Amino acid sequence: MDFPQRLAEAVAACCGLEAAVLQNMIEIPPESNMGDFALPCFRLAKTLRKAPPVIAADICQNTSLPDFVQRAEVVGGYVNFYVKPNAYAKAVIQAVRENGENYGGSDEGAGRNVCIDYSSINIAKPFHIGHLSSTVIGHALYRIYQHMGYNCVGINHLGDWGTQFGKLIVAYKRWGNKAQVEQGSIRALLDLYVRFHEEAEKDEYLNDEARAWFKRIEDNDEEALELFEWFKSLTLKEVSRVYDMLGIAFDSYAGESFYNDKMSRVIEELEEKHLLKLDNGAYLVDLSEYNMPPCIVLRSDGATLYATRDIAAALYRKDTYDFAKCLYVVAYQQDLHFRQWFKVVELMGYPWAKDLVHVAFGMVSMQDGTLSTRKGKVLFLEEVLNAAVEKTLEVITQKSPDLTDKPAVARQVGVGAVVWNALYNSRIKDVVFSWDKALNFDGETGPYVQYTHARCCAVLRKAEVADIPESLNYELLSDENAMRVVRAMGDFPRAVREAAEKNEPYLVSRAVVAVCQAFNKFYYEQRIIGEEESVQTARLALTAAARSVISTGLYLVGLAAPERM
RNA sequence: GCGCCCGUAGCUCAGCAGGAUAGAGCGUCCGCCUCCUAAGCGGAAGGUCGCGCGUUCGAAUCGCGCCGGGCGUGCCA
C-alpha cells in the first residue's frame with residue numbers, strides 16, 4: 001500500500017468516509033512549508049453538509065495519524081500533514097528494501113489476465129518510426145500491469161493478410177528474384193511494393209493481377225502460399241532484430257490470417273441475435289441510435305472487414321484468456337472504428353464489452369509531411385535506433401574512455417534515449433519526429449535517468465561496504481536534500497498505480513525523473529563517502545534505495561539500467 | 001456539415017474527479033569540476049493558461065458559444 005493510501009485509511013477509519021475516495025483526494029502541497037501531504041476538504045462539504053474548515057478541523061482532531069506522520073494542521077479548508085522525517089525516511093527506505101524490484105507494485109491484479117494488443121506490424125512492410133509508439137507504450141503497459149499483479153498476454157496482431165500480398169507477388173514475379181529478396185529482405189520487398197504502385201499507375205491491369213494472386217493465396221494455391229509464407233518469415237526474422245534491441249518479446253503472434261476461419265461465427269451470431277441488416281448488398285450493424293455510422297461486417301462481394309476480424313479476435317481472446325481487460329494500443333485515427341465494434345460486442349450481449357479499451361496515441365509525422373509506405377518514404381525504426389547507438393558510442397568515447405564493453409552500454413543508452421522520448425508525454429500528443437530530440441541526452445531524458453542510476457552504482461561500488469545494516473539512524477537523513485529523495489521515492493508507488501489506472505506510462509517516467517532530480521541535488525550538496533561512519537551508512541542506504549527505485553522505474557518503461565556509462 | 005481530440009513560457013510539454021503564489025525540460029544569459037561520473041548542479045530572464053460568456057466562495061481545470069489546428073466520417077487497415 002502506498003503512503004497516500006495509508007493516510008487515506010487512517011483518515012477514513014475515524015470519519016466514516018471511504019478510503020478509496022479519500023486516497024485520490026490526497027495531494028502534495030505546492031510548498032514544502034504547507035506539509036508533505038494535504039487533504040482538501042472542499043469536495044466533502046456537499047456530502048457531509050458542513051463547511052470545509054469544519055470538516056478539516058474534525059479530521060485533524062479525530063484522526064489517529066499513521067506512524068510516519070508527525071502532525072496535522074488545519075489551513076482554511078485543508079488538512080496539511082507533516083511527516084516525521086526520520087519515521088518517513090525509515091518507512092520509505094524499508095519499503096524499498098523489502099520489496100526490491102517489486103517496489104511500487106501491488107497484488108491488485110490478483111493473477112487475472114490482461115491482453116495487450118500492441119505493435120501489430122504489417123508483414124512485408126517496413127517497421128518504421130510510426131510503429132514506435134504502439135510498440136513501446138504497449139510494452140511499458142505490459143510491465144506496469146505485471147507490476148500490479150496482473151498476468152499479461154502480449155499480442156502482436158500481425159497484419160498478415162490482404163491484397164498487398166497479391167501486389168507483392170506480382171511485383172516479385174515481374175521484377176524481382178530470389179537472391180535479391182533474400183539479401184535485401186524488407187527493403188527489397190519495399191522496393192518491389194513501391195515499384196508496383198508506380199507501374200500500376202500506368203497499367204491498371206496490374207491491380208487485377210494482384211487481386212487474382214491474393215485470391216490464389218486464399219484458395220491455398222501452392223505457389224502463392226509458398227511465396228506468402230516466405231515473405232512472412234523474412235519479415236519476422238528482420239523485425240526480430242528490432243524487438244531484440246528493444247528487449248521486447250510477444251506471447252502471441254496471432255494476426256489477421258489466424259482469424260480467417262473464425263469470422264463466420266461472428267456473422268452467424270449477429271444473424272441469430274437479429275443485429276444484421278442488409279443494405280446495398282452489404283451486411284452491417286446499425287448504430288444510428290448511438291450516433292455512429294453503421295459497422296459493416298460483410299462487404300457486398302462477401303468479403304469480411306477489419307471490424308469483423310476484430311470482433312472475431314475479441315471473442316477468441318475472451319474464450320482463450322478470459323481477460324479482465326483487453327487493451328488495444330492503436331493510434332487515435334481508429335477511434336471511431338473501436339467505438340463501433342465495441343458497441344457491437346455490447347449489443348451482442350457480452351458484458352465484458354466494457355473491458356475492451358482503446359489505448360489511443362497521437363500520430364508521428366516527419367517535418368516535411370507524413371510517412372507514405374506506398375511511395376517508399378519511410379524512416380526505419382532500426383535506422384533511428386542505430387543512429388542513437390552510434391551517437392552514444394561517440395559520447396562514451398569522449399566522456400568515459402576507460403569504460404569496458406562500450407558497445408553494449410551504447411546500445412542500452414542509445415535505444416533508451418529513443419524509447420524514453422516516446423514515453424515521456426501523455427499518449428495523445430502528436431509527434432513531429434526530430435533527430436535532435438530523439439538524440440538528445442540532456443535534461444529529462446532516458447540517458448539522464450540511466451546516468452543517475454550509474455552514478456548511484458558508482459557511489460555504492462566505491463564505498464566498498466559489503467552490507468548496509470538494517471538498522472540505521474534515520475535522523476541523519478532529515479535534512480532537506482535527503483528528504484526530497486525520500487519524498488520522491490515515497491511518491492513512486494502512487495505514480496505506478498495511476499499509470500495502470502490511466503494506461504499512461506509517462507506517469508512512471510516522470511516519477512522516476514523526480515527521484516533522479518532529487519538524488520542528483522542530494523549528491524551535489526552532500527558528501528556520501530568519507531563522512532563519519534553513521535552518516536555515511538545512512539546516506540549509502542538512501543543511495544541504495546534511490547538506485548533500486550530508479551532501476552525499477554527504468555524497467556517498467558522498458559529501459560535498461562546500466563551500472564556504468 | 002457532423003463526430004472525436006488538441007490549443008498553458010521562444011520550443012516541447014506537466015498540471016485539468018474545480019482549490020493554496022501556474023511548473024519542468026530544452027533554448028538564451030550568468031555561475032559551479034585540486035572533492036563520490038559536469039550525460040550533473042544552481043541562478044536569471046521568459047506566461048492576458050486561444051477568445052468570450054456562464055456555473056461556483058473559488059476556473060488553466062466544469063458547461064455553452066466562437067477561433068485556430070489534427071484526425072475521422074457506410075463496403076481500406
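Chain naming here is simple, since letters A, B, ... match the order of the sequence lines and numbering starts at 1 in each. In this text the structure is predicted, and so the values were computed from the model without any measurement.
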Peer 1: Could you pick out which residue, N122(A) or N24(A), lies toward the 5' side of RNA chain B when each is mapped onto its nearest nucleotide?
Peer 2: N24(A)
Peer 1: Give the nucleotide from the list C13(B), U37(B), G70(B) with an atom nearest to the side chain of Y523(A).
Peer 2: U37(B)
Peer 1: For nucleotides C41(B) and G63(B), find the distance between their P atoms and express it as a whole number of Å.
Peer 2: 39 Å
Peer 1: For N80(A), which contact category applies under a 4.0 Å heavy-atom criterion: base, sugar-phosphate, or nothing?
Peer 2: base
Peer 1: So that I know where these two stand, are Y328(A) and W341(A) an aromatic pair - ring centroids less than 6.0 Å apart?
Peer 2: yes
Peer 1: Taking only side-chain N and O atoms of K521(A), does any of them lie within less than 4.0 angstrom of OP1 or OP2 on C41(B)?
Peer 2: no
Peer 1: For a quick check of understanding: with a heavy-atom distance under 4.0 Å over all strands, which category does M25(A) fall into, base, sugar-phosphate or nothing?
Peer 2: nothing
Peer 1: Return the nearest nucleotide to the side chain of R527(A); candidates are A38(B), C35(B), U12(B).
Peer 2: C35(B)
Peer 1: Which listed nucleotide (G3(B), A38(B), G70(B)) is nearest to the side chain of N291(A)?
Peer 2: G3(B)
Peer 1: Closest nucleotide of RNA chain B for Q526(A) versus for C41(A): which of these residues is on the 5' side?
Peer 2: C41(A)
Peer 1: Over all strands shown, is I396(A) touching base, sugar-phosphate only, or nothing at heavy-atom distances under 4.0 angstrom?
Peer 2: base
Peer 1: Name the nucleic acid region contacted by V413(A), choosing base, sugar-phosphate or nothing; use a 4.0 angstrom heavy-atom cut-off, strictly under.
Peer 2: base
Peer 1: If the P atom of A22(B) is compared with that of A45(B), how far apart are they to the nearest Å?
Peer 2: 15 Å
Peer 1: Between C64(B) and U55(B), how far apart are the two P atoms, rounded to whole Å?
Peer 2: 15 Å
Peer 1: Is R455(A) close enough to A38(B) that one of its side-chain N or O atoms is under 4.0 Å from OP1 or OP2 there?
Peer 2: yes
Peer 1: What is the nucleic acid contact for I528(A), judged by heavy atoms within less than 4.0 Å: base, sugar-phosphate only, or nothing?
Peer 2: base
Peer 1: So, F433(A) versus H128(A), ring centres under 6.0 angstrom or not?
Peer 2: no
Peer 1: Could you identify the nucleotide paired to U73(B), looking across every strand shown and requiring Watson-Crick or G-U wobble geometry with both distances under 3.5 Å?
Peer 2: G1(B)
Peer 1: Side chain of D335(A) only, heavy atoms from C-beta on: which candidate in A14(B), C4(B), A20(B) is closest?
Peer 2: C4(B)
Peer 1: Can you check whether R43(A) has a side-chain N or O nearer than 4.0 Å to OP1 or OP2 of G18(B)?
Peer 2: yes
Peer 1: With a 4.0 Å cut-off on heavy atoms, is E563(A) in touch with a base, just the backbone sugar-phosphate, or nothing at all?
Peer 2: base
Peer 1: Please lay out, stage by stage, how N520(A) and R455(A) fare under the test side chain to side chain donor-acceptor pair (under 3.5 Å).
Peer 2: CA-CA 9 Å; N520(A) 282 322; R455(A) 179 178 252 181; 2.8 Å; yes
Peer 1: For A303(A), answer base if it contacts any base atom (sugar-phosphate contacts may also be present), sugar-phosphate if it contacts only those atoms, and nothing otherwise; contact means non-hydrogen atoms under 4.0 Å.
Peer 2: nothing
Peer 1: Base, sugar-phosphate, or nothing: which does Y448(A) touch, judged by heavy atoms less than 4.0 Å apart?
Peer 2: sugar-phosphate
Peer 1: For G7(B), does OP1 or OP2 lie under 4.0 Å from any side-chain N or O of K429(A)?
Peer 2: yes
Peer 1: Below 3.5 Å, does any donor atom in the side chain of D442(A) face an acceptor in the base of G25(B), or the other way round?
Peer 2: no
Peer 1: Under 4.0 Å: is that the gap between some side-chain N or O of Y506(A) and OP1 or OP2 of G15(B)?
Peer 2: yes
Peer 1: N425(A) side chain: which of C35(B), G74(B), A14(B) is closest?
Peer 2: A14(B)
Peer 1: Base, sugar-phosphate, or nothing: which does I529(A) touch, judged by heavy atoms less than 4.0 Å apart?
Peer 2: base
Peer 1: Quick check for you: among U12(B), C36(B), C32(B), whose closest atom lies nearest to any side-chain atom of Y524(A)?
Peer 2: C32(B)
Peer 1: Taking only the C1' atom of each, what is the distance from C2(B) to G74(B) in whole angstrom?
Peer 2: 15 Å
Peer 1: Does a side-chain N-to-carboxylate-O contact under 4.0 Å join K343(A) and E346(A)?
Peer 2: yes
Peer 1: Which nucleotide sits closest to the side chain of A454(A): A77(B), A20(B), U37(B)?
Peer 2: U37(B)
Peer 1: K462(A) side chain N/O closer than 4.0 Å to the phosphate oxygens (OP1, OP2) of U37(B)?
Peer 2: yes
Peer 1: Counting any heavy atom closer than 4.0 Å, what does E256(A) reach on the DNA or RNA strands: base, sugar-phosphate only, or nothing?
Peer 2: sugar-phosphate
Peer 1: Please report whether the ring centroid of Y82(A) lies less than 6.0 Å from that of F37(A).
Peer 2: no
Peer 1: Scan R309(A) against the nucleic acid and name what it touches under 4.0 Å (heavy atoms): base, sugar-phosphate only, or nothing.
Peer 2: nothing
Peer 1: Using a 4.0 Å heavy-atom cut-off across all strands, classify D301(A) as base, sugar-phosphate, or nothing.
Peer 2: nothing
Peer 1: Is the W161(A)-F165(A) ring centre distance short of 6.0 angstrom?
Peer 2: no
Peer 1: Please give the nucleotide sitting opposite C26(B) as a Watson-Crick or G-U wobble pair, both distances under 3.5 Å, or none.
Peer 2: G10(B)
Peer 1: Name the nucleic acid region contacted by P294(A), choosing base, sugar-phosphate or nothing; use a 4.0 angstrom heavy-atom cut-off, strictly under.
Peer 2: base
Peer 1: With a non-hydrogen cut-off below 4.0 angstrom, is I428(A) in contact with a base, only sugar-phosphate, or nothing?
Peer 2: sugar-phosphate
